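For ligands, and for the atoms within them, numbers begin at 1 and follow the listed sequence. Computed from a prediction, not measured in an experiment: that's the story for all the values here.
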Amino acid sequence: MKLAADVIAGLAEHLEQAQLQGHDVVKITDAHPEMDWEDAYAIQDTIRARKLARGDRVVGLKAGLTSHAKMKQMGVESPVFGFLSESFAVADGGVITHAELIHPKVEPEIAFVLKHELRGPGCHIGAVLAATDFVIPAIEVIDSRYRDFKFDLKSVVADNTSSARFVVGSSAVPAEGLDLRTAGVVMEINGEVRAIGAGAAVLGHPAASVAMLANFLAERGEAIPAGTLILTGGVTEAVAVKPGDHVQLRVQGIGSCAVRFA
Ligand code: 0L1
Ligand code: MG
């Protein structure tokens, strides 16, 4: 690690305050170019600890930048991982207050819920499918705290991978019998189709994203606990939303979910 403990604590507070107050900041590597990956995840962990100390709960995990469309959109080359807090959960069909966020975008995702713990290293798609309880459609709302979504990967990791809100569908479907690679994904905003894709856009198979997360956590001596909800990453580019927008996601063979921005 390159940063001192008090600097990590200060950066976590800086980023979390930006999230809570809905204002943007410049990417933190501008002032701390020496920051390494361990520092970045330590800042994210400190944000997580701050939320837990206030009575929030971690209800899931997420992988981001797992599709070529997203990597190209953001000009980066590898996935990143973050956590989902209970305070970011929005009911299917619910309403998000746009003014609480900075510059939200929506991503169509396929989420997994595990019935068994998943532990790397060596985790693979087969192990993920065997450990999966069900899959469920999800709309992730990302809201980078960085001005104009301009960042580098370490700054994004520190900012909990832009996590801001998420919605999961009301129909949960067992993964058996589904071909998640060819499952079609259609996201509409105000009834207009804005993003189309298929599950294979996420690392060839969305379960590969879960395996990658398990293998990443193994390097930290951690596993994905049974019962965890995992967002596997946007199937398409993220789409900016404005107040009044109604977002609907349909995933072939799995179901749908929706959210409105007020
Ligand atoms: O969930 C995601 O794919 C977002 C990762 C963070 C980068 C971004 O804000 O687009
Ligand atoms: Mg995402």
Legend entry - Side-chain donor or acceptor of H98 paired with backbone N/O of V241 under 3.5 Å: yes
Inset, instruction - State whether D45 and R220 are salt-bridged, where the test is any N-O pair (Lys NZ or Arg NE/NH1/NH2 against Asp/Glu carboxylate O) under 4.0 Å. - result: yes
Legend entry - Residue contacts for ligand 1, heavy atom to ligand atom, distance under 4.0 Å: K62, G64, L65, K70, M74, E107, E140, I142, F149, F151, V156, T161, S162
Legend entry - Salt bridge flag under 4.0 Å for residues R147 and D24: yes
Legend entry - Basic-acidic side-chain contact under 4.0 Å: K51, E16: yes
Legend entry - Electrostatic pair K2:D36 at N-O distance under 4.0 angstrom: yes
Legend entry - Atom of E140 closest to the Mg ion (ligand 2), considering N, O or S atoms: OE1
Legend entry - E109 atom OE2 and E107 atom OE1 as seen from the Mg ion (ligand 2), angle to 10 degrees: 90°
Inset, instruction - Mark yes or no: K62 above the aromatic ring of F166, with NZ or CZ under 6.0 Å from the six-membered ring centre and no more than 45 degrees from the axis. - result: no
Legend entry - Check: M212 main-chain N/O paired with N215 side-chain donor or acceptor under 3.5 Å: no
